[in-house]
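Shown next, in structure tokens, is the structure this report addresses.
Letters A, B, ... mirror the listed sequences (proteins, then strands); counts begin at 1. Remember, predicted model here, so these are calculated numbers, not experimental data. For the numbers below, each heavy atom of this structure counts, side chains included, while hydrogens, waters and symmetry mates do not.
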Amino acid sequence: PVTAAFNQETLQQRLQTLIDGAQESWTYAIFWQSSVDDFAAQAFLGWGDGYYKGEEDKAKRSKKGSSPASIAEQEHRKKVLRELNSLISGPASTDDAVDEEVTDTEWFFLVSMTQSFMTGSGLPGQAFYTSNPVWLAGPERLASSVCERARQAQGFGLQTMVCIPSANGVVELGSTEVIFQSTDLMNKVRVLFNFNNPDLG
Amino acid sequence: DGDLPLQRRKSLQRFLEKRRSRLVMVSPYGS
């Protein structure tokens with residue numbers, strides 16, 4: 001679906017189209033939306049929307065060296081998930097699913113919802129500021145990045161992180177697989193997320 | 001604190017629903 005105007009409602013569809021249709025196995029996609037903080041008179045990227053697809057195979061993931069979260073850490077994650085669930089569905093709601101293991105990548109995705117980046121800082125902020133994609137493939141590249149978000153991602157078992165700038169923000173993708181740069185994917189992002197481009201109208 | 005911006009609330013709701021359905025599919029007791 002290509003429209004000329006930015007449309008919050010179609011963000012989810014666009015993120016799904018991007019990674020469900022990809023040949024590579026992406027774990028999640030996030031759209032960081034550009035806004036201006038009136039108080040600080042500064043541009044920043046905040047949560048626009050996100051799509052968590054999940055990992056292909058949990059057993060395969062654990063072989064890759066991502067150590068499982070400790071019992072205390074799991075309890076903490078479940079507690080937060082329970083609180084978030086009651087925030088969404090009401091305090092009386094019960095959901096057995098919140099008592100299931102919260103995987104590292106699920107947790108990383110959830111924590112991302114609380115984050116924002118000043119233009120020029122962090123991986124999404126850099127991509128937006130320079131208008132150049134950032135593609136980090138391989139745990140070593142993530143671990144040695146100057147950006148905390150990339151290092152954090154590696155700690156949660158992600159092996160590839162990509163930030164592709166568009167007119168209104170940045171599309172970030174993450175995977176527990178090592179995925180090398182793909183022109184096809186970058187073209188897809190340009191088509192799906194280049195809002196307000198008169199040529200696409 | 002209960003003050004969750006609308007877009008994050010929507011994203012979170014989708015995430016929780018999808019997680020629920022994924023776990024139901026995996027669990028032998030889910031159906």
- Taking all heavy atoms of A:G50 and all of B:S11, pick out the closest pair and write down the distance. N-OG, 4.0 Å

- Task: Determine whether B:R22 and A:Y52 make a side-chain contact, defined as any pair of heavy atoms from C-beta on separated by less than 4.5 Å.
- Result: yes

- Output for pair (A:Q12 CD, B:K10 NZ), nearest 0.5 Å, gives 10.5 Å

- Item | Region of B:R8 that comes under 4.5 Å of a non-hydrogen atom in chain A | both

- Kindly indicate whether the side chain of A:N85, heavy atoms from C-beta on, has any atom under 4.5 Å from the side chain of B:R20. yes

- Item | Nearest atoms (heavy-atom pairs only) where B:K18 meets A:K53 | NZ-O, 3.6 Å

- Item | Nearest heavy-atom neighbours spanning A:L87 and B:R9 | O-NH1, 3.4 Å

- Approximate separation, where rounding is to 0.5 Å, of B:F15 CZ and A:M113 CE: 6.5 Å

- Item | Exceeds 12 heavy-atom contacts within 6.0 angstrom, atom CD of A:E148 | no

- Euclidean distance, A:L15 CG relative to B:R14 CZ, rounded to 0.5 Å: 9.0 Å

- Query: From A:I88 CD1 over to B:L12 CG, what is the distance, rounded to the nearest 0.5 angstrom?
  - Reply: 4.5 Å

- Task: Measure the shortest side-chain to side-chain distance between A:Q33 and B:Q7 over non-hydrogen atoms and say whether it is less than 4.5 angstrom.
- Result: no

